[in-house]
Amino acid sequence: MSGPGFTPEEMMTIAAARALSSHDVCLVGIGAPSAACNIARLTHAPGITLIYESGTIGTAPEVPLSIGDGELCETAVTTVSVPEMFRYWLQEGRITVGFLSAAQLDRHGNINTTVIGDYHHPKTRLPGGGGAPEIATSCGEVFITMKQSLRGMVEKIDFFTSFGHGDGGDARAKLGITTKGPTLLVTDLVTKAFTVASLHPGVTRDAVQATCGWKVVFADPLEETPPPTVRELTTLRDLKARTEAAHRGEKVAAGTGGA
Amino acid sequence: MSGPGFTPEEMMTIAAARALSSHDVCLVGIGAPSAACNIARLTHAPGITLIYESGTIGTAPEVPLSIGDGELCETAVTTVSVPEMFRYWLQEGRITVGFLSAAQLDRHGNINTTVIGDYHHPKTRLPGGGGAPEIATSCGEVFITMKQSLRGMVEKIDFFTSFGHGDGGDARAKLGITTKGPTLLVTDLVTKAFTVASLHPGVTRDAVQATCGWKVVFADPLEETPPPTVRELTTLRDLKARTEAAHRGEKVAAGTGGA
Amino acid sequence: MVKFCSLAEALAENLVDGDTVAFEGFTHLIPHAAAHEAIRQGRQELTLIRMTPDLVYDQMVGMGMAKKLIFSYLGNPGVGLLRRCRDALENCYPRVVEIEEHSHAGMANAYEAGAAGLPFAVFRGYRGAGLTEVNPNIRSVTCPFTGEPLAAVPALRPDVTFIHAQKANRKGDVLVEGIVGIQKEAVLAAKRAVVTVEEVVEDFAGVHPNCCVLPHWTIRAIAVVPGGAHPSYAHGYYARDNATYLEWDHVAADRESFRAWMKKHVLDAKPEVFASRVGHLRRAA
Amino acid sequence: MVKFCSLAEALAENLVDGDTVAFEGFTHLIPHAAAHEAIRQGRQELTLIRMTPDLVYDQMVGMGMAKKLIFSYLGNPGVGLLRRCRDALENCYPRVVEIEEHSHAGMANAYEAGAAGLPFAVFRGYRGAGLTEVNPNIRSVTCPFTGEPLAAVPALRPDVTFIHAQKANRKGDVLVEGIVGIQKEAVLAAKRAVVTVEEVVEDFAGVHPNCCVLPHWTIRAIAVVPGGAHPSYAHGYYARDNATYLEWDHVAADRESFRAWMKKHVLDAKPEVFASRVGHLRRAA
């Protein structure tokens with residue numbers, strides 16, 4: 001991928017942003033999902049409603065560093081308590097799209113962010129589910145973003161933090177879950193539904209399989225993801241620059257004992 | 001009862017007010033209970049916390065006409081939603097005293113405000129319970145105020161709107177209810193716990209029995225309720241005058257099409 | 001998407017015969033104008049939900065529009081009984097009206113469960129209460145940790161909820177302030193929500209972040225009806241018209257005086273009349 | 001009755017060894033100063049409850065004060081993992097720490113049930129989730145109307161809850177604004193509540209009636225600790241110190257650097273130091 005003018009991570013965030021529309025009510029996780037949701041808001045989906053699990057509804061942050069920043073509240077239509085967020089807004093099914101990341105993911109969209117190894121004797125203890133177990137089952141559908149790696153995209157996840165499609169088929173329906181679950185996976189290399197729909201510019205089939213722990217199925221015809229537009233890329237880089245400035249700026253101020 | 005300088009109704013409200021202290025957190029019904037609670041607040045119990053089921057906590061109204069007046073909110077420490085009121089404040093057991101009135105009352109403090117006659121074919125359909133069924137069981141204790149009459153104080157009530165002491169004894173405990181239930185009944189003639197503790201000034205035992213549908217038990221020694229003090233009476237009459245002025249004033253204004 | 005339109009249009013598009021409908025407001029912000037529009041448009045066979053049915057349901061029951069009432073307090077607050085409801089329940093006039101009766105706690109929890117998308121609500125209630133014997137929708141669940149039996153009621157999920165609020169902004173977000181009652185839950189529990197407001201403002205800049213704001217995408221239609229809560233009140237706009245509540249006790253006492261009042265003040269009136277009804281109450285708000 | 005006193009006194013009187021305690025705050029208003037006081041006073045065998053354990057519980061776990069953790073997200077928000085908690089759970093260093101793990105929805109509902117005085121919470125959750133197999137406190141109840149199975153968790157009822165709030169008034173009422181999180185529920189669910197505040201004001205005149213205010217009779221003790229939420233933030237007072245969260249990732253990576261940092265910044269410090277930590281963040285609030 002020599003010199004396409006953007007990184008695979010940028011392509012991932014932008015491809016994820018493209019999947020959102022102005023009609024969506026989107027529950028935002030932190031990290032890549034937050035960037036994708038805000039890129040969508042700042043480019044083609046100005047009407048999108050962004051909700052953070054800290055209780056802010058309809059936010060428009062400049063620099064979403066964490067899921068509970070003051071700016072989320074200041075720019076929100078309203079800010080509600082955490083129980084209300086999980087009861088009236090998530091559980092009721094008002095959220096059309098939930099955005100999740102994964103430490104481990106399997107081919108059926110099941111997610112592990114809890115533990116590597118045995119739950120009771122962990123090799124690596126990860127943060128756990130937070131809002132994800134119910135985001136995965138109460139949102140209309142779930143979009144997953146993560147960088148491809150053999151460590152992350154595995155045949156069998158170590159712990160079912162968030163239910164995707166179980167072992168496939170009608171596993172969700174069997175549990176009485178009526179929402180769609182994971183419908184979209186965007187990685188640094190591809191955009192896929194259940195099969196790979198689209199290779200990001202310059203990516204080969206071999207490169208996709210080399211970083212994925214399960215046998216990849218490619219759509220036919222297989223498309224190439226349109227590269228980022230200038231507007232998309234500028235918006236993303238501006239957002240990233242603001243985030244880094246916020247970190248750096250305050251660090252400097254702290255170091256000098258600031259005003 | 002010739003010329004004691006106060007009416008039996010005034011004595012009732014003032015005797016009820018005296019049962020409250022500054023440490024109480026009191027859930028206020030409308031009508032006589034509201035007057036009694038506010039007399040207490042304006043005389044000997046300035047620290048009392050008054051809560052109205054409309055969601056106002058720590059109110060200090062001048063003219064509490066209804067349970068949801070704007071003034072209740074304006075003078076409150078905070079105003080919460082109705083579900084929160086019933087869940088976090090009443091159900092949890094934060095209220096020390098609930099004040100209730102009754103259309104029909106029996107000797108065990110069971111209250112009917114639902115129906116006279118058969119529930120499905122009512123002779124008189126009354127308003128029903130509102131907040132009372134849970135006030136009766138979730139408040140630390142319950143004070144009841146009502147005017148005595150053979151129609152109201154009956155051997156057997158037509159409907160159990162709010163549970164008092166059932167058929168007596170440990171009926172509450174048998175239902176798993178840990179609160180005290182009705183501990184005080186103040187009428188226009190007497191103040192009683194389970195037995196009549198105190199006759200209001202000028203009232204005879206015969207007069208009490210003549211207006212009560214069950215066999216009245218008098219305490220021994222039987223006390224006489226101290227008559228209203230000047231401060232109590234003035235406060236009560238001021239409150240009443242303000243309430244009537246509010247009614248009348250707005251009626252006049254409405255009639256003239258006012259500005 | 002939220003639509004700004006006339007009250008007549010909002011009601012015509014969102015309330016149909018046979019609907020289960022809530023006109024909510026807890027003493028404050030009672031949607032009288034919306035209820036009067038439903039009366040003028042002659043909706044029939046409605047299941048009316050409200051914690052405190054109040055004058056508006058006394059009027060709708062008196063006009064024969066209600067098939068069923070779901071409620072917890074059937075009184076004229078601070079005044080007494082609702083005489084048209086009494087006539088219906090005691091004498092089946094003008095028609096038989098079914099009732100499903102709860103306590104306030106039961107209704108509040110049922111709306112909360114509806115807003116939360118749950119099929120039922122759990123709470124500690126109805127202990128020793130006679131309603132458990134006459135209302136088959138009051139059931140019980142057992143705590144799987146302590147074994148305590150608790151009350152269960154089905155969630156309320158109206159087809160339509162009507163509320164009156166202080167203001168909307170241009171995007172259609174709705175602000176409710178003061179005694180917020182059960183309105184947020186009633187809106188979020190409903191399939192469709194219609195809001196009458198005192199006014200529309202450009203935006204909610206300066207409004208406190210923790211205020212009760214209903215985002216525009218939770219609302220179907222907004223109609224501007226100044227005074228639309230009269231004779232109840234709108235905090236910050238006008239005071240409660242207590243005299244009208246007292247007067248209603250006399251109007252509703254008699255079938256003929258009721259019909260005459262309804263013809264003059266509702267059937268032959270329009271939403272615009274509400275503004276003139278609160279003129280003298282504005283100084284007191 | 002609420003008591004205004006020093007943080008040292010408030011903590012000494014309200015937290016004892018073996019308590020089940022919540023230091024709550026959802027990114028905003030995290031009670032760092034109170035947690036540091038608990039560390040200085042050397043409380044032991046605590047059961048620590050928090051949705052997002054964050055730096056304060058990483059510190060308390062690292063100091064060996066925690067017998068058990070009840071939580072739903074064990075991360076450094078926006079940064080990564082909590083390395084002292086990892087060391088405890090992966091290597092039992094400095095001691096074995098039991099865990100009871102939930103989802104955010106489970107914890108939020110459990111606090112709500114605690115505030116509501118119920119023994120358990122019902123919600124639609126944990127469907128297909130592995131936590132149901134490792135946490136025996138995740139059970140099920142069946143809707144008595146629809147037959148739907150729903151998740152049940154026991155109510156959270158801490159012995160003590162500590163929160164940080166913007167301000168108290170002279171009577172001891174406490175105001176929380178902005179992202180209010182789970183603080184109201186955590187206070188109302190607890191047997192005792194202790195609040196650190198940025199400042200005490202005469203009264204709350206002008207504060208919106210629907211703001212989150214905890215009445216004085218729901219609080220045991222109030223201590224004024226300006227900056228007491230640092231490195232988290234206090235809406236209207238100072239911004240989040242993001243650099244400190246990044247720095248923590250390095251501090252906590254190593255047992256020695258952790259001990260050295262704790263000695264310097266916690267054990268040898270006093271609550272008053274928090275005010276100086278937020279000086280440079282006030283312009284950004």
Side-chain angles (χ1 to χ4, degrees), chain B residues 30-31 53-56 65-70 72-74 79-83 85-87 90-91 110 112 114 119-134 136-138 159-164 166 171-172 175-177 246-248 250-251 253-254 256-259, chain C residues 26-28 51-52 71-75 77-78 80-82 85-86 89-90 101-106 108-109 111-112 123-131 133-134 148-149 178-182 184-185 212 232-233 235 239-247 276 279-285:
Chain B
I30 206 61
E53 63 191 11
S54 55
T56 59
L65 287 173
S66 88
I67 53 164
D69 274 358
L72 299 179
C73 174
E74 282 154 22
T79 299
V80 303
S81 74
V82 165
M85 173 54 59
F86 282 95
R87 288 178 71 82
L90 176 60
Q91 176 176 266
N110 301 300
N112 174 22
T114 302
Y119 182 81
H120 297 287
H121 302 93
K123 187 160 161 280
T124 306
R125 174 63 221 201
L126 303 169
E134 284 76 21
T137 53
S138 291
F159 192 88
F160 267 60
T161 306
S162 308
F163 194 75
R172 289 177 76 85
L175 289 175
I177 304 169
H247 275 310
R248 211 177 34 241
E250 290 175 14
K251 180 62 186 167
T256 58
Chain C
F26 202 91
T27 308
H28 182 212
M51 293 183 66
T52 52
F71 70 96
S72 46
Y73 185 82
L74 201 62
L81 306 174
L82 291 176
C85 287
R86 278 190 61 187
L89 299 184
E90 295 168 14
E101 184 169 1
H102 290 276
S103 65
H104 278 352
N109 278 287
Y111 271 124
E112 202 274 349
F123 63 108
R124 189 179 291 112
Y126 291 128
R127 292 181 296 178
L131 283 179
E133 286 158 31
V134 295
E148 180 184 352
I179 291 178
V180 294
I182 193 76
K184 184 178 205 168
E185 286 75 17
C212 178
S232 80
Y233 72 104
H235 198 113
R240 192 170 189 265
D241 189 352
N242 295 300
T244 296
Y245 283 87
L246 288 173
E247 181 191 325
S276 68
H280 66 292
L281 299 161
R282 289 195 182 274
R283 67 203 151 103

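Below, each value reflects all heavy atoms present in this structure, side chains not excepted, and no hydrogens, waters or symmetry copies. Protein chains get the first letters and strands the later ones, always in sequence-line order, with residue 1 at the start of each.
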The interface call for Phe160(B) against chain C, heavy-atom contacts under 4.5 Å, is both

Taking every heavy atom of Phe86(B) against every heavy atom of Ala108(C), the minimum-distance pair comes out as CD1-CB, 4.3 Å

Notebook entry, point to check: Should Ser81(B) and Ile182(C) count as side-chain neighbours, where that means a heavy-atom distance under 4.5 Å?
Noted result: no

So CD of Glu90(C) and NZ of Lys123(B): to nearest 0.5 Å the spacing works out to 9.0 Å

Rounded to the nearest 0.5 Å, the CG atom of Leu72(B) sits from the NE2 atom of His28(C) at a distance of 11.5 Å

| request: Please say whether more than 12 non-hydrogen atoms of neighbouring residues, nucleotides or ligands are located less than 6.0 Å from NE2 in His120(B). | output: yes

Do Phe26(C) and Glu53(B) come close enough that some side-chain heavy atom pair is under 4.5 Å? yes

Smallest heavy-atom separation, Pro127(B) atom then Phe71(C) atom, equals O-CE1, 4.2 Å

*Minimum side-chain heavy-atom gap Val82(B)-Tyr111(C) below 4.5 Å*: no

Looking only at Gly164(B), Gly131(B), Pro133(B), Ala171(B), most heavy-atom pairs under 4.5 Å shared with chain C are made by Gly131(B)

Bottom line for Gln91(B): the part with an atom under 4.5 Å from chain C's heavy atoms is both

- Within a strict 4.5 Å, meaning less than it, do heavy atoms of the Tyr126(C) and Thr137(B) side chains meet? no

Exercise. Taking the side chain as every heavy atom from C-beta outward, state whether Glu101(C) and Tyr119(B) have any atom pair closer than 4.5 Å.
Key: yes

Rounded to the nearest 0.5 Å, the OG1 atom of Thr161(B) sits from the CG atom of Leu131(C) at a distance of 7.0 Å

Output for pair (Arg125(B) CZ, Leu74(C) CG), nearest 0.5 Å, gives 5.5 Å

| query | Is there side-chain contact between Cys73(B) and His235(C), with heavy atoms separated by less than 4.5 Å? | reply | yes

- Query: Do the side chains of Glu185(C) and Pro83(B) get nearer than 4.5 Å, heavy atoms only?
  - Reply: yes

Ranking Leu82(C), Val134(C), Val180(C), Leu81(C) by heavy-atom pairs under 4.5 Å to chain B gives rank one to Val134(C)

Separation between CZ (Arg127(C)) and CZ (Phe163(B)), nearest 0.5 Å, reads 10.5 Å

Residue pair Ile179(C) / Thr56(B), side-chain heavy-atom distance below 4.5 Å:
yes

Looking only at Thr114(B), Asn110(B), Val80(B), Thr124(B), most heavy-atom pairs under 4.5 Å shared with chain C are made by Thr124(B)

CD of Glu133(C) to CZ of Phe159(B), rounded to nearest 0.5 Å, is 7.5 Å

Comparing Gly75(C), Ser72(C), Ala105(C) against chain B, the one with the most heavy-atom pairs below 4.5 Å turns out to be Ala105(C)

